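Along the sequence shown, residues carry numbers from 1. Small disclaimer: the values here were computed from a predicted structure and weren't measured. Order of appearance sets the numbers: ligands from 1, and atoms from 1 within every ligand.
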Amino acid sequence: MKQVAVLVGSLRRESINRKFADSVARLAADRLRFVFSEIGDLPLYNEDLWENPPEPVLRMKRELAAADGVLFVTPEYNRYFSPAIKNAIDWGTRPWGDNSWEAKPAAIIGTSPGALGTGAAQNSLKALLTVCDMVLMGQPEVYFVYKPELFDAAGDVADEKTRAFLNRWIDRFTLWVELTSEARTDAQAGP
Ligand code: FNR
């Protein structure tokens with residue numbers, strides 16, 4: 001089974017994006033292994049810190065190296081993705097020549113109580129992931145309007161239609177990670 005590093009862009013305890021990511025991870029457990037890579041303890045990016053690299057940065061880079069793909073779960077802050085995600089991405093692109101994101105299959109999901117369900121945040125993140133040389137899945141998009149009644153007491157997706165929609169997304173992302181991570185391994189091995 002392929003392994004996916006999950007980065008959640010909200011750091012707060014009661015984050016709906018964290019809850020959403022947890023329930024998607026449980027729903028996907030028969031198809032993908034989701035391993036959460038925590039980004040809340042990364043210092044703000046500072047080039048000087050490479051003189052004695054912070055352990056959380058090295059840990060995240062190890063976790064990304066072990067992952068076949070990456071899932072970004074972003075809240076929407078002022079129509080943009082969260083600064084925690086930008087900070088993690090910047091650390092991952094360095095040191096020069098060791099870009100942790102390079103050629104990794106990726107997807108973005110996110111949730112908000114607002115009617116646009118993080119659509120604007122996700123669109124801003126898409127542009128950045130392309131610059132980082134990730135292989136981004138374009139469809140289906142998951143602009144999820146968070147409603148507590150869609151989940152049961154354990155935090156699993158209880159609503160039938162929502163479950164079916166997320167299952168289709170998981171199937172597609174599983175295929176995306178399988179196909180693009182294998183192509184990547186082939187390319188690295190050479191002709
Ligand atoms: C928000 N929120 C928000 N929601 C939205 O749909 N579009 C937006 O542009 C914004 N902007 C915004 C800015 C800032 C600074 C905050 C703190 C919040 C509301 C946001 O969706 C809501 O607080 C979510 O609960 C945040 O996600 P987590 O932290 O619960 O995962």
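For the pair K86 and D90, the salt-bridge criterion is met [side-chain N within less than 4.0 Å of a carboxylate O].
Within the model, atoms CH2 of W50 and CH2 of W96 stand 14.0 Å from one another, a figure rounded to the nearest 0.5 Å.
Applying the ring-ring contact (aromatic ring centres under 6.0 Å, His included) definition to pairs two or more places apart or across chains, those involving residues 51-88 are F72-W101.
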For E76 and Q122: C-alpha separation, side-chain torsions, deciding distance, then whether side chain to side chain contact (heavy atoms under 4.5 Å, CB included) applies. CA-CA 8 Å; E76 183 164 290; Q122 293 189 39; over 6 Å; no
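Near ligand 1, heavy-atom contacts under 4.0 Å come from S10, R12, S15, I16, N17, P75, E76, Y77, N78, R79, S112, P113.
Judged purely by atom type and a 3.5 angstrom limit, W176 has no side-chain atom pairing as donor or acceptor with the backbone of G138.
Below 30°, between 30° and 60°, or above 60°: for Y45 and W91 the angle between ring planes is between 30° and 60°, a tilted geometry.
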